[in-house]
Student: 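Before I ask anything, let me first share the structure, which is written out below as structure tokens.
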Amino acid sequence: MKKKKILVIHTGGTISMSEDQETGAVKPTKENPMKSKSENINDLAELILEDPFILPSPHITPKEMLYIKDLIVHHIQRSKIEGVVITHGTDTLEETAYFLDLTVNSDIPIVLTGAMRSSNEIGFDGLYNYISAVRVAISDEAQKKGVLVVLNDEIHTAMNVTKTHTSNVSTFQSPQYGPIGIVTKRGIVFHHKPINSEKYDIQYVTKSVPLLKAHAGMDSSLLYALKINNIDGLIIEALGQGNLPPATLPGVKALLEQDIPIVLVSRCFNGIAEDVYGYEGGGKQLKEFGVIFSNGLNGQKARIKLLIALESGCTKNQLPAVFAN
Ligand code: ASP
């Protein structure tokens, strides 16, 4: 059978790092170990390799995400690729995955993977995850599933997956929803299909959208500080069902009066923030003020979505529908 043409983009992360034997510090290596391992993958697919940068993923910004998106679009148009695999640091992998999910308009499989153990550690999971990601990318069933995240034999959607553990190899989970498929010894098995797909057309990333986490006793001081910082939007990880401490309300109102959209998610990692409570700072009051409630995205992904929606020209009135999806 003819091998599929797969674009592989190496971007850095632990999957491309080694542990210094003397100090124990994990750092990028001169030669990405994943590149020399490509022989193991060549039997599976015809690979086109790109390594635009080797960054720890805390160094990745929306600018690098946009660069990766443009690289994928370029190869879709010029090289007739049939799938994409991206190796990435795990810390911000979910944000890059969701960014690509919202901005690459294509049915081909786009799969991100990474590693929790560096290349010279016992039990290095990088090569295994890389091979699994390529196996998913060449599978016909992976088409039209949006951007996928594959680690530790599980296939997750970009929208729902999150890093849940600092060091465990099963760190990537989709709270509330679970994976949509598994990687077995012999095959790739999908047991669910994502039901929505939204795409935004963006050429730049210029917007400033910070993320705040609410806490007991929170006041308006950080909100006032943001007001003078020319932000374009704000995400707040609110309490429980979607509530804030009363002392935050003057700051919330001040930002809304400046036409800065505020999107609320819950700091609970299961469930959906909704306007249920009628007390001061409760969701009902926040919604009346004009705060937008999101549909279960976590804070970091709601931030990516607001950045992209604003960049694509969505108006304030369109944002509630964007976050209802
Ligand atoms: N700190 C690393 C990074 O995200 C963790 C990893 O890749 O697993 O780059």
Student: Following the transitive rule for hydrophobic clusters with a side-chain heavy-atom cut-off under 4.5 Å over Ile, Leu, Val, Met, Phe, Trp and Tyr, establish whether V252 and L255 coincide in one cluster.
Tutor: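 In one cluster with V252: L255, yes.
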Student: Where do L307 and P62 come nearest, in terms of heavy atoms and distance?
Tutor: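 Looking at all heavy atoms of both residues, the closest pair is CD1-CG, 3.8 Å.
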Student: Between T11 and H88, which heavy-atom pair has the shortest distance, and what is it?
Tutor: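 Looking at all heavy atoms of both residues, the shortest contact is OG1-CA, 3.3 Å.
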Student: Taking distance alone, no hydrogens or angles, what donor-acceptor pairs closer than 3.5 Å link side-chain atoms of residues 75-83 to residues at least two apart or in another chain?
Tutor:
| from | atom 1 | to | atom 2 | distance (Å) |
| --- | --- | --- | --- | --- |
| H75 | ND1 | S79 | OG | 2.8 |
| H75 | NE2 | E50 | OE2 | 2.7 |
| E82 | OE1 | K5 | N | 2.7 |

Student: Can you list everything that forms a salt bridge (charged side-chain N to carboxylate O under 4.0 Å, His left out) with D125? Sequence neighbours excluded, please.
Tutor: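 Listed in chain order: nothing, the list is empty.
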Student: How about F172 and T90: do any of their side-chain heavy atoms sit closer than 4.5 Å?
Tutor: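 They are in contact (side-chain heavy atoms under 4.5 Å apart), so the answer is yes.
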Student: Is a side-chain N or O of S57 found less than 3.5 angstrom from the main chain of T92, in a donor-acceptor match?
Tutor: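 Between the backbone of T92 and the side chain of S57 there is a qualifying donor-acceptor contact (under 3.5 Å).
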Student: Tell me every residue that passes side-chain contact (heavy atoms from CB on, under 4.5 Å) with T23, counting only those two or more places apart in sequence or in another chain.
Tutor: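 By the side-chain contact (heavy atoms from CB on, under 4.5 Å) rule, T23 matches D20, A25.
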Student: Give a yes or no on whether the backbone of N42 and the side-chain of K3 come within a donor-acceptor separation of less than 3.5 Å.
Tutor: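 A pair under 3.5 Å: yes.
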Student: For the pair R135 (side chain) and T184 (backbone), establish whether a donor and an acceptor sit closer than 3.5 Å, ignoring hydrogens and angles.
Tutor: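 Yes, because the side chain of R135 sits within donor-acceptor range (under 3.5 Å) of the backbone of T184.
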Student: Going by the rule side-chain contact (heavy atoms from CB on, under 4.5 Å), which residues pair with K316 if we only count those two or more places apart in sequence or in a different chain?
Tutor: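 K316: side-chain contact (heavy atoms from CB on, under 4.5 Å) contacts with D259.
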Student: Compare all side-chain heavy atoms of V322 with those of K305 and state whether any distance is below 4.5 angstrom.
Tutor: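 The answer is yes, as the side chains (C-beta and beyond) meet within the 4.5 Å cut-off.
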Student: So does R267 pair up with E237, basic N to acidic O under 4.0 Å?
Tutor: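 No.
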Student: Would you call S266 and Q241 a side-chain contact if the rule is heavy atoms closer than 4.5 Å?
Tutor: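 Counting from C-beta outward, S266 and Q241 never come under 4.5 Å.
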Student: Nearest 0.5 Å, please: how far is CG in L112 from OH in Y98?
Tutor: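 Those atoms lie 14.5 Å apart.
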Student: Who pairs with E64 by side-chain hydrogen bond (donor to acceptor under 3.5 Å, both in side chains), at least two apart in sequence or on another chain?
Tutor: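 E64 satisfies side-chain hydrogen bond (donor to acceptor under 3.5 Å, both in side chains) with T61 once adjacent residues are dropped.
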Student: Could you give me the CA-CA distance, side-chain angles and deciding distance for L286 and L249, then say whether side-chain contact (heavy atoms from CB on, under 4.5 Å) is met?
Tutor: CA-CA 8 Å; L286 297 171; L249 297 180; 3.7 Å; yes
Student: Run the salt bridge (charged side-chain N to carboxylate O under 4.0 Å, His left out) test against D51 and tell me which residues pass, sequence neighbours left out.
Tutor: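 By the salt bridge (charged side-chain N to carboxylate O under 4.0 Å, His left out) rule, D51 matches K35.
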Student: With sequence neighbours left out, what residues match E121 under side-chain hydrogen bond (donor to acceptor under 3.5 Å, both in side chains)?
Tutor: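 Per chain and number, E121 pairs via side-chain hydrogen bond (donor to acceptor under 3.5 Å, both in side chains) with S118.
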Student: Got L264 and L244 here, is their nearest side-chain heavy-atom distance under 4.5 Å?
Tutor: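 L264 reaches L244 side chain to side chain.
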Student: List the residues meeting side-chain contact (heavy atoms from CB on, under 4.5 Å) with H192, not counting sequence neighbours, and say none if there are none.
Tutor: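 Applying side-chain contact (heavy atoms from CB on, under 4.5 Å) to H192 gives I180.
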Student: Please confirm whether the backbone N or O of I202 pairs with a side-chain atom of S312, one donor and one acceptor, at under 3.5 Å?
Tutor: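 Here the side-chain-to-backbone pair does not exist.
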Student: Where is the tightest heavy-atom contact between T14 and A115, given as atom of each residue plus distance?
Tutor: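 Scanning both residues, the minimum pair turns out to be CB-O, 3.5 Å.
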Student: Does any non-hydrogen side-chain atom of R117 lie less than 4.5 Å from one of V169?
Tutor: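 Yes, at least one pair of side-chain atoms sits under 4.5 Å.
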Student: Is a side-chain N or O of K301 found less than 3.5 angstrom from the main chain of E95, in a donor-acceptor match?
Tutor: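 Not confirmed, K301 side chain does not pair with E95 backbone.
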Student: What are the two closest non-hydrogen atoms of M218 and A214, and how far apart are they?
Tutor: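 Closest heavy-atom pair between M218 and A214: SD-CA, 3.4 Å.
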Student: Give me the atom names and distance for the closest heavy-atom approach of P52 to Y67.
Tutor: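 Scanning both residues completely, I find the closest heavy atoms to be CB-CE2, 3.4 Å.
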Student: Hey, what do you get for CD1 (I188) to OG (S132), rounding to the nearest 0.5 Å?
Tutor: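 Between atom CD1 of I188 and atom OG of S132 there are 7.0 Å.
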Student: Does T171 offer a backbone N or O that forms a donor-acceptor pair with the side chain of T164 under 3.5 Å?
Tutor: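 Between the backbone of T171 and the side chain of T164 there is a qualifying donor-acceptor contact (under 3.5 Å).
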Student: Could you tell me whether a side-chain N or O of S119 sits under 3.5 Å from a main-chain N or O of S16, the two making a donor and an acceptor?
Tutor: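 No: the side chain of S119 does not pair with the backbone of S16.
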Student: Nearest 0.5 Å, what's the CG-CD1 distance between L148 and I86?
Tutor: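 Here the rounded value is 11.0 Å.
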Student: With side-chain contact (heavy atoms from CB on, under 4.5 Å) as the criterion, how do I304 and L297 come out once you've worked through the C-alpha distance, each side chain's angles and the decisive distance to 0.1 Å?
Tutor: CA-CA 10 Å; I304 293 290; L297 289 172; over 6 Å; no
Student: If the test is side-chain hydrogen bond (donor to acceptor under 3.5 Å, both in side chains), which one of T113, N152, D153 qualifies with Y128?
Tutor: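 Only one of T113, N152, D153 forms a side-chain hydrogen bond (donor to acceptor under 3.5 Å, both in side chains) with Y128, namely D153.
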Student: Could you tell me if the side chain of L66 sits less than 4.5 Å from the side chain of F99, heavy atoms only?
Tutor: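 In contact.
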Student: Could you walk me through whether D140 and K4 satisfy the side-chain contact (heavy atoms from CB on, under 4.5 Å) test, starting with their C-alpha distance in whole Å, then the side-chain angles of each, then the deciding distance to 0.1 Å, before giving a yes or no?
Tutor: CA-CA 10 Å; D140 291 338; K4 285 197 181 176; 2.5 Å; yes
Student: Honestly curious: do V205 and L211 fall in one hydrophobic cluster under the side-chain, below-4.5 Å linking rule?
Tutor: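 Per the 4.5 Å side-chain linkage, V205 and L211 are co-clustered.
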Student: Can you give the donor-acceptor pairs under 3.5 Å from side chains of residues 221-235 to other protein atoms, not counting sequence neighbours?
Tutor:
| from | atom 1 | to | atom 2 | distance (Å) |
| --- | --- | --- | --- | --- |
| S221 | OG | D219 | OD1 | 2.6 |
| N229 | ND2 | A225 | O | 3.0 |
| D232 | OD2 | S208 | N | 2.7 |

Student: If I take atom CG from residue L49 and atom CD1 from residue I6, how far apart are they, to the nearest 0.5 angstrom?
Tutor: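 Nearest 0.5 Å value for the CG-CD1 distance: 12.0 Å.
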Student: Find the distance between CG (L102) and CG (D201) and round it off to the nearest 0.5 Å.
Tutor: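 If I round to the nearest 0.5 Å, the distance is 12.5 Å.
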Student: Between the side chain of Q318 and the main-chain N/O of T315, is any donor-acceptor distance below 3.5 Å?
Tutor: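 Yes; judged by distance alone, with no hydrogens or angles, the pair exists.
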Student: Under a 4.5 Å cut-off applied to non-hydrogen side-chain atoms, are V8 and I41 in contact?
Tutor: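 V8 vs I41: side chains apart.
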Student: Between CE of M65 and CG of L100, what distance do you get to the nearest 0.5 Å?
Tutor: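 Answer rounded to 0.5 Å: 8.5 Å.
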Student: Identify every side-chain donor-acceptor pair in residues 268-282 under 3.5 Å, counting partners at least two apart or on other chains, and give the distances.
Tutor:
| from | atom 1 | to | atom 2 | distance (Å) |
| --- | --- | --- | --- | --- |
| N270 | OD1 | Q176 | N | 3.1 |
| Y279 | OH | N243 | ND2 | 3.2 |

Student: Not counting sequence neighbours, which residues clear side-chain hydrogen bond (donor to acceptor under 3.5 Å, both in side chains) with S174? List them please.
Tutor: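 S174 satisfies side-chain hydrogen bond (donor to acceptor under 3.5 Å, both in side chains) with H156 once adjacent residues are dropped.
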Student: For the residue pair I131 and L44, establish whether any side-chain heavy-atom pair is separated by less than 4.5 Å.
Tutor: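 Yes; the side chains approach each other to less than 4.5 Å.
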Student: I'd like to know if I292 and V265 are part of one continuous hydrophobic network [Ile/Leu/Val/Met/Phe/Trp/Tyr, side-chain heavy atoms within less than 4.5 Å].
Tutor: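 Linked, V265 and I292 end up in one cluster.
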Student: For K207 and E311, indicate whether the former's side chain and the latter's backbone hold a donor-acceptor pair under 3.5 Å.
Tutor: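 No; judged by distance alone, with no hydrogens or angles, the pair does not exist.
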Student: Short question: side chain of K199, backbone of D101 - any donor-acceptor pair under 3.5 Å?
Tutor: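 Judged by distance alone, yes, a pair lies under 3.5 Å.
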Student: Is there a path of hydrophobic side-chain contacts, each under 4.5 Å between heavy atoms of I/L/V/M/F/W/Y residues, joining L93 to V147?
Tutor: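 Both belong to a single hydrophobic cluster.
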Student: Count I, L, V, M, F, W, Y as connected when their side-chain heavy atoms are under 4.5 Å apart, and connections chain through other members. Are F124 and M116 then in the same cluster?
Tutor: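 In one cluster: no.
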Student: Who passes side-chain hydrogen bond (donor to acceptor under 3.5 Å, both in side chains) against N168, sequence neighbours left out?
Tutor: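 Residues passing side-chain hydrogen bond (donor to acceptor under 3.5 Å, both in side chains) with N168: S170.
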Student: Might you point out which heavy atoms bring A309 and L319 nearest each other, and give the distance in Å?
Tutor: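 Smallest interatomic distance, heavy atoms only, reads CB-CD2, 4.0 Å.
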